Amino acid sequence: MRELDMRAAPYDLSEYNYTPIQVETPEGRRQYEVEQRRLSNKAAPLRSELASILEALIGVAVGN
């Protein structure tokens, strides 16, 4: 995720092999949105697992 944020930042990071996403243009905003969605979908199983673990821990903490 951090890479995507850096690519969308107003800095030239091409020397680090980061292709910029020009979020100031309609195409750049679309590209950024597509990449954000891809990352969100990729992270969904981890978020779900973490939520389940936290719910179990809370249940133990409150004695349920």
Side-chain angles (χ1 to χ4, degrees):
M1 173 92 123
R2 189 69 194 138
E3 176 186 333
L4 181 59
D5 290 339
M6 291 186 325
R7 290 178 56 211
Y11 310 108
D12 180 7
L13 300 173
S14 57
E15 71 179 270
Y16 301 105
N17 297 319
Y18 290 112
T19 305
I21 298 175
Q22 298 177 339
V23 294
E24 65 276 4
T25 67
E27 179 56 36
R29 284 190 294 278
R30 278 191 292 277
Q31 181 184 3
Y32 187 73
E33 184 179 330
V34 165
E35 288 298 316
Q36 285 282 23
R37 237 187 243 114
R38 183 186 64 78
L39 285 171
S40 178
N41 291 337
K42 184 178 179 180
L46 178 60
R47 283 194 309 272
S48 178
E49 184 177 346
L50 287 171
S52 295
I53 291 169
L54 288 172
E55 286 175 9
L57 288 172
I58 291 168
V60 168
V62 296
N64 292 333

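Every value quoted in this text rests on a predicted model; they were computed, and no experiment measured them. Counting begins at 1 with the first residue of the sequence. All values below come from the heavy atoms of this structure, side chains included, with hydrogens, waters and symmetry mates left out.
- Side-chain contact check for S40 versus R47: some heavy-atom pair is nearer than 4.5 Å.
- Annotation: the span from M6 atom CE to Y11 atom OH amounts to 12.0 Å, rounded to 0.5 Å.
- Taking CG of L4 as the reference point, atom CZ of R38 lies at 8.0 Å (rounded to 0.5 Å).
- Distance check: R29 CZ to Q22 CD gives 11.5 Å after rounding to the nearest 0.5 Å.
- Here the side chain of R7 pairs no donor or acceptor atom with the backbone of P20 at under 3.5 angstrom.
- In this structure, G28 and I21 approach most closely via the heavy-atom pair O-CG2, 3.3 Å.
- L39 and V23 fall within the same hydrophobic cluster, defined by Ile, Leu, Val, Met, Phe, Trp and Tyr side-chain heavy atoms under 4.5 Å apart, directly or through other members.
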Begin from the C-alpha positions of V34 and Q31 and carry the test side chain to side chain contact (heavy atoms under 4.5 Å, CB included) through to its verdict. CA-CA 5 Å; V34 165; Q31 181 184 3; 5.8 Å; no
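- A salt bridge does not link E33 with R30: none of the charged nitrogens is closer than 4.0 Å to a carboxylate oxygen.
- Separation of atoms CG (L54) and CD (E49) is listed at 10.5 Å; rounding is to 0.5 Å.
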